[in-house]
Amino acid sequence: MAVKIIELCTNCHACLPVCPSHAIYETKPHFMVDPKKCTECEGDFADFQCASICPIEGAILNALGEAINPPGSLTGIPLEKMAEAMAELQAH
Amino acid sequence: MTCALLSCKAIFKEVKQMQLPVLNDAPSAKSGCSASSCGTTDSQMDTLPDSIREKVQNHPCYSEDAHHYFARMHVAVAPACNIQCHYCNRKYDCANESRPGVVSEVLTPDQAVKKTMAVAANIPQMTVLGIAGPGDPLANPEKTFETFRRLSQEAPDIKLCVSTNGLALPEAVEELSKHNIDHVTITINCVDPEVGAKIYPWIYWNNRRIKGVKAAKILIEQQQKGLEMLIAKGILVKVNSVMIPGINDEHLAEVSRVVKSKGAFLHNVMPLIAEAEHGTFFGVMGQRGPTPDELQNLQDSCAGDMNMMRHCRQCRADAVGMLGEDRGDEFTMDKIEDMEIDYQAAMEKRKLVHQAIQAEMDSKRLEKAQKAAVKPAVAPQTRPVLMAVATSGQGVINVHFGHAKEFLIYEASPEGVRFISHRKADQYCGGDVSCGETESTLQTTIRSLAGCEAVLCSKVGYEPWEMLEQAGIMPNGEHAMENIEEAVMAVYLEMAKAGKLDTEQLRASA
């Protein structure tokens with residue numbers, strides 16, 4: 001059981017100090033979680049600490065491979081609004 | 001990380017403020033700071049106690065005239081953040097608060113110290129080092145404080161500053177007070193949690209992500225507590241606010257009142273910058289920024305309340321050099337690695353340079369104070385006029401209209417000439433319907449001058465000349481290489497003489 005950081009990570013460091021198991025390490029091209037050390041914060045905190053401070057939607061996955069912070073959950077931007085803005089930008 | 005567009009944090013921006021306040025009047029014709037560009041607002045310094053005036057008068061970010069002589073730099077050592085703001089996108093870094101994304105590189109404390117000393121040795125006018133992001137410096141306490149600790153010891157002639165959202169401020173005050181830090185900037189956009197909930201979607205607090213009004217309430221409490229603690233320690237506090245029309249614009253007068261009553265010496269209201277391509281909540285949702293008029297009105301309404309900084313350039317978290325310039329490219333890590341710095345020798349040189357600057361500033365300040373006593377020869381009821389100036393510095397009109405990337409806006413009135421703001425040539429698109437996609441750069445530039453009645457530059461081409469006239473803005477190329485304030489006053493007097501300023505006429509606004 002471990003969380004996973006994927007390529008959406010911007011290397012902002014926020015998760016590094018809050019991990020109770022010191023399972024996160026800095027590497028290229030982005031931060032990673034050592035699955036042997038990750039406890040999913042079991043016994044320490046109710047919520048995944050890394051995913052509670054991570055500002056990037058979709059950057060951290062749970063053991064099932066699902067985004068802990070799915071699109072729209074952190075920014076509050078409705079998905080259709082974001083899609084509209086992206087389409088608009090690509091049209092230029 | 002790449003920041004989409006413009007601007008950002010304003011940490012280190014300047015303000016106005018003047019010493020030798022002598023009169024309670026707004027300044028009048030002035031020769032001003034040699035470099036000038038900015039007018040002055042002596043009255044804003046009048047309320048400052050001597051102890052504070054002493055501290056800020058040579059700070060390029062806080063002192064209007066000092067920013068023409070002294071330089072500042074930021075080091076980007078603090079990438080993590082503990083809150084989310086709706087005007088910031090962490091993928092690109094923050095649009096309003098700092099933009100390290102464009103910034104190229106986040107530094108380790110060791111790299112930051114090397115860079116700072118390299119810049120200090122090569123740009124002796126650099127007196128101030130700030131940490132402003134890209135995230136929140138106090139959410140990266142180890143990196144931020146190690147940088148400050150080492151610089152306090154190894155480069156004691158550099159002043160240190162920090163900018164924060166305030167969430168982690170209370171527990172950082174003790175440590176901050178141990179270093180050479182006498183200026184802290186807190187970004188406070190609200191004192192009402194209901195307003196805050198529309199600006200901050202979440203905070204990370206006590207090991208949980210907290211959202212909504214509850215999150216805003218905690219953030220506000222921490223900001224206010226931190227502000228009070230800093231004041232109690234004798235540390236200067238500046239407050240930055242991002243003006244967001246329809247959200248906190250009316251509320252900011254209250255923010256100004258509250259933070260001033262607690263002892264903040266300066267309130268800097270900055271315009272929201274929001275574009276869809278930033279990917280920020282405000283950008284995507286079509287939230288517009290304030291028009292220049294709205295910004296000026298708010299700054300004016302707060303001015304009686306508190307000292308304001310009008311020429312904040314919302315610079316980025318790794319800027320190097322004089323305000324408004326960025327020499328960061330000269331000091332990338334690979335270049336710094338090859339530099340041999342003898343800091344002891346550099347400090348000797350820096351001291352001499354600072355003394356020479358001080359002498360020049362003192363004489364300019366004296367001269368300005370004397371000139372301020374002379375009132376322009378117009379009737380006291382004459383209405384004020386806004387004018388745009390194209391300049392690259394040195395206090396003179398020296399840029400062609402078509403080459404100007406930004407304009408300095410001045411107000412001429414019977415009280416004299418005062419600096420109002422900078423306007424980027426294409427920054428103030430409000431995103432409303434009048435802003436069509438087909439608008440040319442020239443049209444955009446002219447739009448950015450809304451509210452101005454004249455534009456002073458070294459030259460104006462035929463096409464823009466006509467378009468400016470149609471827009472009700474008089475092009476003027478007759479004062480090339482002249483002192484800005486004197487030229488603005490000369491044009492104002494000509495307008496008065498021609499009967500263009502007769503009383504009932506209201507200022508032509510946008």
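Below, chain A is the first sequence line, B the second, and so on; all start at residue 1. Note that the structure is predicted; figures quoted are calculated from it, not measured.
The heavy-atom pair separating A/F48 from A/C41 by the smallest distance is CA-SG, 3.9 Å.
Residue A/L8: no heavy atom, backbone or side chain, is found under 4.5 Å from chain B. At a 4.5 Å heavy-atom cutoff, A/A46 makes no contact with chain B through either its backbone or its side chain. Using a 4.5 Å cut-off between heavy atoms, A/A14 touches chain B through backbone and side chain atoms alike. Both the backbone and the side chain of A/I77 come within less than 4.5 Å of a heavy atom of chain B.
In summary, B/K115 and B/E337 do not engage in a salt bridge, as defined by a charged side-chain N under 4.0 Å from a carboxylate O.
Side-chain contact of B/D110 with B/T108: a donor-acceptor pair under 3.5 Å is absent, judged by distance alone. Side-chain polar atoms of A/E57 and A/T75 form a donor-acceptor pair below 3.5 angstrom.
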Working for side chain to side chain contact (heavy atoms under 4.5 Å, CB included), residues B/V213 and B/E194: CA-CA 6 Å; B/V213 176; B/E194 297 290 337; 4.0 Å; yes
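Relative ring orientation between B/F148 and B/H179 is described as tilted, the plane-to-plane angle lying within the 30° to 60° band.
Of the listed residues (A/S52, A/A85, A/P78, A/A51), the greatest number of heavy-atom pairs within a distance under 4.5 Å of chain B belongs to A/S52. Comparing A/C15, A/C9, A/P55 by how many heavy-atom pairs each has under 4.5 Å with chain B, the most go to A/P55. Of the listed residues (A/L74, A/L16, A/D44), the one with the most heavy-atom contacts under 4.5 Å to chain B is A/L74. Counting heavy-atom pairs under 4.5 Å between each of A/H13, A/Q49, A/E84, A/M82 and chain B puts A/Q49 at the top.
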